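First the structure, in the form of structure tokens, and then the observations on it.
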Amino acid sequence: MKRLKKKPNLLTCNTLINGLIKFPSLHSIQLGKQVFYDSIKLGVIPQTTTFNIMILGCCLEGKFNEAISFIGKMKEFGCFPDNVSYNTILGFFCKKRRLKEAGDLLQDMKEKGLIPNRNTFNIVVSGYCKVGWLKEARKVIDMMVKNDVLPDVWTYNMLINGLCGEERIEEAVKLRDEMENLNVLPDVVTYNTLINGYFKCGGSSEGFRLVEEMRDKGVKMNAVTNNILVKWYCKEGKMDEASEKVRVMEESGILPDKVTYNTLINGYCKAGKLGEAFEMMEMMERKGFKMDTITLNTILHTLCKERKLKEASELLTSASNRGYLLDEVSYGTLLAGYLKDGTADKALKLWSEMKKKEIVPSIITYNTIIGGLCELGETEQAICKYNELLRSGLVPDSTTYNTIIHVYCKEGKVEKAFELHNKMVEKSLKPDVFACNILLSGLCSEGMLEKALKLFNTWISEGKIIDIVTHNTMISGLCKEGKLEDAFHLVSEMKERNLNPDHYTYSAILGALTSVGRTNEAEEFMSKMVEVENFQQPSLQIKEQNVKTSEMTEVYDSDSNACSEQIIELCNQGRYKDAMRIFEASNNKGITLNKSAYIVLMEGLIKRRKRLSKAVP
DNA sequence: TTAGGGTTAG
């Protein structure tokens, strides 16, 4: 049509653009945009729907500014943005937890005279739930009722998911009952959310009970249910059961999808079974699922875990040249690898590289860099990134707060630490036992024992969880101030709470006793300490044994070594097909290769995709 | 032909 200079019909254009944008292939979104501009040149007048499809495309690419600019462009063509235009962008902002930008957009929407509909409300509820602001989510639901927009099964499902995210599974189940009473029937998503929630909180038997329940109630399981179960088996290290589950599901007509394969690949990598992970990557492609960003990120993580940072960095570059989409997780993964390796300079360089590519870090990546820099003693740099995070409009989570509170305490800025703690509470984030321990240790090391005791007692009276570290922190604080009797008292309280004193407890007390010359008691404690150490000995031995066995698996026979070396050499020469032949032959002989060989095979599989020409459309 | 929930990577 373009060649014949014929003007296409608007519906044809919309359908074509929509198809391209939703078709998950490389550059198809850019192609969709090309069709949009070509159509205009051919005289087609786009309508709101056309713009909305373009907006979706921009959002899928993560180009939010461009998406917003389309809202402005509509006027030139005599049309106006509608709820769909705004809800699309709003949804993506919420998905990415960029609440500040979402709020600004909502304001703009209202100024344009558009009235939020049920979708708009539901998107806002999902945004609040994603960052754990459940009180705010509830407020939105109240507002919905006031505006005569009744919450539906989507609204409830999101709130249930929010509760599960906070590990408040009992309340989530209660909400499910509540919705049933209001005649909003739970669907497969409700069940999937709750099953996943139970698995997350360690309630696997309740999770499986819900699987039965949904069957009894006639709610059909789907691929997502399957994937949640497979994930659980993987997490438990039950890889045989995980793959058996996939086989059984397949027989019952629920076909594995991309998520299933990625879950299994990750499971095998985590279990150190790299050969099986590689086979699963091959299987995925054979079944017609292209490996994607998540597969790539899984392999990147495995490389980093194996401390093969050079390989990871090379894979990041070459995968990008081969058209894999890199995202902030890809960068965040390598970033974590560098930080763990102690190379802050490389991590910071990668951070700026990511920013230059306009890839926006999520809260997890911010937490990685902030925590990593703190660990390496680069406090100033860490605070700098924290400030950058606050400016970005992302919402800090409890990991962020705990990290910064820890830094403040370490620097003796206890007041600042408490300010942050209060802010955390304000944001309806519940300070956990980590936050408590950090604050207590900050107070004790600044000699503010009274305040520490007050916090400790408040914490207990509120029924919050405390652990051995909490007790040890207080005990050593008391010992440092010479309050030995109080320390003894706390040791017995600790035992009453079924927490066994460990060698930190005893050495704190021992130190205090010797420094005031109570040598007899000190000796008595010493023997107790030895008992504890002896008691710990067997578990230490088991650990050592484990280390040995895992090392043992690294010892391969000469056949294995020869094959592995040959494969690595062939891959290095770019002779992937020959390497595969050796792999298949050794597989048939039942030879297990060493990890490095599997890793080069995995890299090879990713790199097999043709290198893109430099002129990208 | 356009917008909202649950599953995979750190």
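Bear in mind that the values here come from a model prediction, so they are computed numbers and not experimental data. Below, read A as the first sequence line, B as the second, and so on, with proteins coming before strands; counting in each chain starts at 1. Hydrogens, waters and symmetry mates play no part in the numbers below; they use all other heavy atoms, side chains included.
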### Message
Using only modelled atom types and a 3.5 angstrom limit, is any donor from either the side chain of A:N117 or the base of B:dA3 paired with an acceptor on the other?
### Response
yes
### Contact list for residues 228-239 of chain A, test salt bridge (charged side-chain N to carboxylate O under 4.0 Å, His left out), sequence neighbours left out
none
### Where at least one partner belongs to residues 160-173 of chain A, residue pairs that pass salt bridge (charged side-chain N to carboxylate O under 4.0 Å, His left out), sequence neighbours excluded
A:R168-A:E171
Side chain of [X] - closest among [options]:
X      : options              : result
A:D327 : B:dA9, B:dT8, B:dT1  : B:dA9
A:T365 : B:dT7, B:dG10, B:dT8 : B:dG10
A:V84  : B:dT2, B:dA9, B:dT7  : B:dT2
A:N266 : B:dT8, B:dA3, B:dT1  : B:dT8
A:N83  : B:dT1, B:dA3, B:dA9  : B:dA3
A:V224 : B:dT7, B:dT8, B:dG10 : B:dT7

Phosphate-side-chain proximity, [X] and [N], N/O vs OP1/OP2 below 4.0 Å:
X      : N      : answer
A:K22  : B:dA3  : yes
A:K231 : B:dT7  : no
A:N196 : B:dT7  : yes
A:H301 : B:dG10 : yes
A:K270 : B:dG10 : yes
A:N297 : B:dG10 : no

#### Entry: Distance-only donor-acceptor check, side chains A:Y324 and A:D292, under 3.5 Å
no
### Query
Between A:N367 and A:D397, is any side-chain donor less than 3.5 angstrom from a side-chain acceptor?
yes
Which residues, if any, of [range] bring a heavy atom under 4.0 Å of DNA chain B?
range                       : answer
residues 330-343 of chain A : A:G332, A:T333
residues 162-182 of chain A : none
residues 46-62 of chain A   : A:T49, A:N52, A:I53

How many whole angstroms separate atom [atom1] of [X] from atom [atom2] of [N]?
X      : N      : atom1 : atom2 : value
A:L296 : B:dA9  : CG    : P     : 15 Å
A:I265 : B:dT8  : CD1   : P     : 15 Å
A:K235 : B:dG10 : NZ    : P     : 13 Å

With sequence neighbours left out, write down each residue that passes side chain to side chain contact (heavy atoms under 4.5 Å, CB included) with [X], or none if nothing qualifies.
X      : result
A:A102 : A:L90, A:F93, A:C94
A:N227 : A:D257, A:V259, A:T260
A:L309 : A:C304, A:L334, A:Y338, A:D341

Between side-chain atoms of residues 49-59 of chain A and protein atoms elsewhere (two or more places apart, or another chain), which donor-acceptor pairs fall under 3.5 Å?
| from | atom 1 | to | atom 2 | distance (Å) |
| --- | --- | --- | --- | --- |
| A:T50 | OG1 | A:N14 | OD1 | 2.9 |
| A:T50 | OG1 | A:Q47 | N | 2.9 |
| A:T50 | OG1 | A:Q47 | O | 3.2 |
| A:N52 | OD1 | A:S85 | OG | 2.7 |
| A:N52 | ND2 | A:D82 | OD1 | 3.1 |

### Message
Strictly by side chain to side chain donor-acceptor pair (under 3.5 Å), give each pair with a member in residues 90-99 of chain A just once, sequence neighbours left out.
### Response
A:R98-A:E101
## Note on the structure
So the side chain to side chain donor-acceptor pair (under 3.5 Å) pairs with at least one residue in residues 62-73 of chain A (sequence neighbours excluded) are A:K33-A:E66
### Message
I'd like to know if the side chain of A:S28 reaches the main chain of A:L20, judged simply by a donor and an acceptor atom lying under 3.5 Å from each other, with no hydrogens or angles considered.
### Response
yes
### Task
Classify the nucleic acid contact of A:N222 as base, sugar-phosphate or nothing, counting any heavy atom under 4.0 Å across all strands shown.
base
#### Entry: Touch class at under 4.0 angstrom, heavy-atom based, for A:V188 against every strand present
base
Enumerate donor-acceptor pairs with a distance under 3.5 Å from any side-chain N or O in residues 244-251 of chain A to protein atoms, sequence neighbours excluded.
| from | atom 1 | to | atom 2 | distance (Å) |
| --- | --- | --- | --- | --- |
| A:E244 | OE1 | A:R247 | NE | 3.2 |
| A:E244 | OE2 | A:R247 | NH2 | 2.9 |
| A:R247 | NH1 | A:E251 | OE2 | 2.7 |
| A:E250 | OE2 | A:K287 | NZ | 3.1 |

